[in-house]
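One structure is given here, and the rest of the page talks about it.
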Amino acid sequence: MLDVKLLRNEIESVAERLLIKGFKLDIEKFNDLESRRKSLQVTVEDLKNQRNVKSKAIGKAKAAGDDVEAILAEVSKVGEQLGNVEGELQTLQSQLETFLSEIPNIPHESVPAGVSEDDNEELRRWGEPREFSFEVRDHVDVGEGIKLLDFDSAAKIAGSRFAVLKQDLARMHRALIQFMLDTHSESHGYDEVYVPYLVNSASLYGTGQLPKFEADLFKVNDERTLYLIPTGEVPVTNLVRDEIIAVKDLPLKYVSHTPCFRSEAGSYGRDTRGMIRQHQFEKVELVQVVEADQSYQALEQLLGHAETILQKLELPYRVVTLCGGDLGFSSAKTYDIEVWLPGQGKYREISSCSNFEDFQARRLKARCRKPEVKKPELVHTVNGSGLAIGRTLVAILENYQQEDGSVVVPEVLHPYMGGKTVLKENRD
RNA sequence: GGAGAGGUGGCCGAGCGGCUGAAGGCGCUCCCCUGCUAAGGGAGUAUGGGUGUUAAAUCCCAUCGAGGGUUCGAAUCCCUCCCUCUCCGCCA
């Protein structure tokens, strides 16, 4: 959520910057709602003040044994007037709230212009895509070829956009999670957390998924309103909701492994083959909660942490800066890390690292207190995947495939694989 | 699933219709005193919003788990929901 004061004071320039994101701010609507709110709120608060003063007078008069009929009549008149305008103010305020909650974050000045992912800016590349002396297969052919990846069973059990992994592939999936958690917690200074996978709507509002993007979520059919998390970002970032953190305790750095559930409504026909786009996938998520002036530094750092994983796995990748049009609702700036997939002959997103500045913090009421300042200040939140497990698995299957159909296990995973160095069909 | 108890400021804990944004204690901050330590004295110590301002102050509104209701007036009474705790049952 943006600062209302920003809209009150410089709505024109806000509107201009939001255009970079392709969002048209309805200035007239805001000004109209806001001016009505202002006059009405002043009226209502004045009436409430009168009521409070008179009610106190009644108390005193009664205590003194005086007659209170006259004041009673006065105050009931005030109450009547209040009844007429109070509801109107409430409606207005909730309209303003809704209006505000649907405005996306303002892109950072360094964000390139553009409307789609084609306009994203490549920042750097790491690693050389391997030359293959045989015909490259995609991860589906590789995985099914060695009988470790089973989409038919998944379709039977749950439907499309699910996968079943077997034996050593299931183990490698688990190994990746362990490897990433260990790296981030032991080498990068993150605190590991285990969190709920079902969350309430307040949490989703806090990180920006609600109210605008309910269609992307799986809602649990229960009298309680709960949703399956679309990303670990939701529960982890909500750790600081309604908290005031001593500035000496910042930055908070969390790493968490969670499954993620996405309805993928609206992406019919996209990436239908394989496990690139699933309803359920695992992710290791990095979240940092920092002081306002540290967030861009934190973003670069966190991006580096995510890159480290790919470097250790020796998977070629590139980093792109998302253009305005491709930027998410809550993000001020996002870097995507794209891993090289020989099966597709292109780089595909495997991590997305974003700075939300105070956009989530304002919704979350997540603040910090500096001893020298009396008022608490909003923190900044930064997060990124470190990394998406399913897509990492895909990248390994494709980049480490061999001519005989087997797959070499990246060296860094050996300790997690019980000595297995190659994935191949188990013929026993 | 059944039966109870409870949710008040950073923490503990009073209040149970008006003078309580909230006693008292602890903690914390600043000041005084004390040669150090310990003890003592004084002041301060929630958050959001509105008004206003270059900025502030002032003033006002709201908040005692959440949302409704009763009342001139609610932390206090009523209703619904959420959460925590105890006991029984069941269960990974």
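Lettering of chains follows the sequences in order, A, B, ..., and the numbering in each one begins at 1. Source: prediction; values computed, not measured.
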Atom pairs and distances, side-chain donor-acceptor, residues 386-393 of chain A, under 3.5 Å, sequence neighbours left out:
unit_1, atom_1, unit_2, atom_2, d
A:R391, NE, A:I276, O, 2.9
A:R391, NH1, A:E349, O, 2.9
A:R391, NH2, A:I276, O, 3.1
A:T392, OG1, A:A388, O, 2.5

Counting distance only, does the side-chain N/O of A:E398 pair as donor-acceptor with the main-chain N or O of A:H139 below 3.5 Å? yes
For nucleotides 65-67 of chain B, list the nitrogen or oxygen atoms of the protein found under 3.5 Å from its nitrogen or oxygen atoms, one pair per line.
none

*Any side-chain heavy-atom pair from A:S267 and A:R161 closer than 4.5 angstrom?*
yes
Residue set satisfying side-chain hydrogen bond (donor to acceptor under 3.5 Å, both in side chains) with A:S354, at least two apart, ordered chain then number -> A:T334
With sugar-phosphate taken as primed atoms, P, OP1 and OP2 and all else as base, the protein-contact string of nucleotides 47-55 of chain B at under 4.0 Å (heavy atoms; B, S, -) is SSBSS----
Residues 265-279 of chain A vs salt bridge (Lys or Arg N to Asp or Glu O under 4.0 Å), sequence neighbours excluded, gives A:D138-A:R273, A:D141-A:R273, A:E264-A:R277, A:D271-A:R277, A:D271-A:R348
Residues pairing under salt bridge (Lys or Arg N to Asp or Glu O under 4.0 Å) where one sits in residues 184-208 of chain A, two or more places apart or in two chains, turn out to be none
Atom CG of A:N49 and atom P of B:U58 are separated, to the nearest Å, by 16 Å
Contacts of A:E307 meeting salt bridge (Lys or Arg N to Asp or Glu O under 4.0 Å) (sequence neighbours excluded), chain-then-number -> A:R124
Atom CG of A:L40 and atom P of B:C61 are separated, to the nearest Å, by 17 Å
A:Q50 CD to B:A62 P, in whole Å, measures 13 Å
Check this for me, if you would: do A:E291 and A:K370 make a salt bridge, where the nitrogen-to-carboxylate-oxygen distance has to be below 4.0 angstrom?
yes
Just checking, is any N or O donor in the side chain of A:Q288 or A:Y190 under 3.5 Å from an acceptor N or O on the other one?
yes
Sequence neighbours excluded, the answer for ring-ring contact (aromatic ring centres under 6.0 Å, His included) partners of A:H108 is A:Y296
Those residues at least two apart in sequence (or on a different chain) that pass ring-ring contact (aromatic ring centres under 6.0 Å, His included) with A:Y335 are none
request  = Could you work out the separation of B:C16 and B:A23 based on their P atoms and round it to a whole Å?
outcome  = 15 Å
Intra- and inter-strand pairing of RNA chain B, written as dot-bracket with Watson-Crick and G-U pairs under 3.5 Å and | for the latter, reads ((((((((.[[[..)..(.....]]]((((((.......))))))(((((........))))).[[[[[..)....]]]]])))))))....
Show me, pair by pair, the donor-acceptor contacts under 3.5 angstrom made by side chains of residues 164-172 of chain A, not counting sequence neighbours?
unit_1, atom_1, unit_2, atom_2, d
A:K166, NZ, A:D150, OD2, 3.1
A:D168, OD1, A:K420, NZ, 3.4
A:D168, OD2, A:K420, NZ, 3.3
A:R171, NE, A:Y416, O, 3.4

Requested in this report: Examine the side chains of A:K219 and A:T225 and answer whether a donor and an acceptor come within less than 3.5 Å of each other.
Outcome: no
Nucleotide N/O of nucleotides 70-73 of chain B paired with protein N/O under 3.5 Å:
unit_1, atom_1, unit_2, atom_2, d
B:C72, O2', A:S55, OG, 3.1
B:C72, N4, A:K62, NZ, 3.4
B:G73, O4', A:S55, OG, 3.2

Worksheet item: What interatomic distance, in whole Å, is found between P of B:C60 and the corresponding atom of B:G68?
Response: 25 Å
